[in-house]
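Reading through the C-alpha cells given below for one structure.
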Amino acid sequence: MSLSNAKMLMRDLAKSLGTDGDVLGDDGLCTITVGEKWIPPVHICYLDPDNSMLFFAEIGLLTADRELEILRELMHRQYLFSATNGVTTSLSGDRNALTVQFKFSLADLTDQDLGQYLNDFVGEVARVKILVCGRKPEDDASGSDAAGEVDHMLSGLALNV
C-alpha cells in the first residue's frame, strides 16, 4: 500500500462518518476530533517504511498526587493487552505528559476495519482520560470513577471527523 491508498482509506472512512473530501494530507498526517469536547484530538500518521498507521493522543500531564495510582492502573490494563484493544500508553520523560497510541498495519485493511480501529482507540482515549481525571472532566456529576469505569455514553461513540 502507499500513501495514496492510505488517503483513499481515510477518505472512505470520513465519507462514512459524513465528511467528504481528503482527510489525510500529502504529508500523511491529519487530526480529528470527536463529539465530546473533553476527549483530546486524535492525530493520525501514515508510516511509509512499514506501510502502517499510527493513532496518537495526548491525555495530559500526570501530576504527582495520583501518579502511582494511575500508572499502576494503566499497567494492569496493559497486562497482555487484556483491557486496551492493543492500545499502549506512554509517559514523556521531559514533562510527564501521558499519551496513548496504537500502531497497525494497513495490509488488507478496509475502511470498515479502519473505522473499528479508530472507534476502539477513541474509547481507550476516553477511558484513560477518565482514569486520569477521576471523572469526565466537564461533568462533575458523572457516574464515572477513578477506576476507569466508562459509562454507557462511551459505548459505540459516534466519531466526527
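Taking both residues in full, the closest heavy atoms of Val23 and Ala14 are given as CG2-CB, 3.2 Å, listed atom of the first, atom of the second, then distance. Shown here for Ala126 and Ile39, the closest heavy-atom pair between the two residues is CB-CD1, 3.9 Å. Residue Ala107 comes nearest to Ser105 through the heavy atom pair N-OG, 3.1 Å, listed as atom of the first residue, atom of the second, then distance. Of all non-hydrogen atoms in Ala6 and Leu106, the two that sit nearest each other are CB-CD1, 3.9 Å. Between Leu3 and Gly28, the closest heavy-atom pair is CD1-CA, 3.7 Å. Nearest heavy-atom pair across Pro41 and Thr33 is CB-CG2, 4.3 Å.
Asp50 is listed as a side-chain neighbour of Lys103, based on a closest heavy-atom distance under 4.5 Å. A heavy-atom distance below 4.5 Å is found between the side chains of Ile70 and Leu62. Leu9 places none of its side-chain heavy atoms less than 4.5 Å from the side chain of Leu24. Contact annotation: the side chain of Ile59 approaches that of Pro40 to within less than 4.5 Å [non-hydrogen atoms, C-beta and beyond]. Looking only at side-chain heavy atoms (C-beta outward), Thr89 and Gln78 come within less than 4.5 Å of each other. Counting heavy atoms from C-beta outward, Glu67 and Asn96 have side chains that approach closer than 4.5 Å.
Distance check, rounded to the nearest 0.5 Å: CG of Leu131 to CD of Glu124 gives 9.5 Å. Separation of atoms CG (Leu71) and CZ (Arg66) is listed at 10.5 Å; rounding is to 0.5 Å. Between the CG atom of Leu68 and the CD atom of Glu73 there is a distance of 12.0 Å, given to the nearest 0.5 Å. The CG atom of Leu54 sits 13.0 Å away from the OH atom of Tyr46 when rounded to the nearest 0.5 Å. Atoms CD1 and CD1, on Ile32 and Ile44 in that order, are 4.5 Å from each other to the nearest 0.5 Å. Residue Met75 holds its CE atom at 11.0 Å from CZ of Arg72, rounded to the nearest 0.5 Å.
The backbone N or O of Gly123 sits less than 3.5 Å from a side-chain atom of Arg127, completing a donor-acceptor pair. At least one donor-acceptor pair under 3.5 Å links the side chain of Arg77 to the backbone N or O of Ala83. Using modelled atom types, one side-chain atom of Gln101 and one backbone atom of Thr88 make a donor-acceptor pair closer than 3.5 Å.
For Thr110, the side-chain contact (heavy atoms from CB on, under 4.5 Å) partners at least two apart in sequence or on another chain are Gln112, Asp113. Partners of Asp26 by side-chain contact (heavy atoms from CB on, under 4.5 Å), not counting sequence neighbours, listed by chain and number: Lys7. Tyr117 is linked by a ring pair (Phe, Tyr, Trp, His ring centres under 6.0 Å) to Phe102, Phe104, counting only residues two or more places apart in sequence or in another chain. With sequence neighbours excluded, the residues forming a side-chain contact (heavy atoms from CB on, under 4.5 Å) with Arg95 are Glu58, Leu61, Ser92, Ala97, listed by chain and number. With sequence neighbours left out, Asn85 forms a side-chain contact (heavy atoms from CB on, under 4.5 Å) with Asp120. Partners of Asp94 under the salt bridge (charged side-chain N to carboxylate O under 4.0 Å, His left out) rule, at least two apart in sequence or in another chain, do not exist in this structure.
By the rule that hydrophobic residues join a cluster once side-chain heavy atoms approach within less than 4.5 Å of another member, Val132 and Val87 end up as members of one cluster. By the criterion of side-chain heavy atoms lying less than 4.5 angstrom apart, applied directly or through intervening Ile, Leu, Val, Met, Phe, Trp or Tyr residues, Val122 is not grouped with Leu29; the two fall into different hydrophobic clusters. Taken together through direct or relayed side-chain contacts under 4.5 Å among Ile, Leu, Val, Met, Phe, Trp and Tyr, Val128 and Leu91 form part of one hydrophobic cluster.
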Step by step, work out the side chain to side chain contact (heavy atoms under 4.5 Å, CB included) result for Leu98 and Leu74.
-> CA-CA 11 Å; Leu98 184 65; Leu74 289 173; 3.7 Å; yes

With side chain to side chain contact (heavy atoms under 4.5 Å, CB included) as the test, would you mind laying out the steps for Leu118 and Leu13 before giving the verdict?
-> CA-CA 10 Å; Leu118 185 57; Leu13 174 62; 3.9 Å; yes

For Val100 and Phe121, run side chain to side chain contact (heavy atoms under 4.5 Å, CB included): C-alpha distance rounded to whole Å, both residues' side-chain angles, the deciding distance at 0.1 Å, then the answer.
-> CA-CA 9 Å; Val100 294; Phe121 182 77; 3.7 Å; yes

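Between Asp111 and Lys15 no salt bridge is recorded (no basic side-chain N to carboxylate O distance below 4.0 Å).
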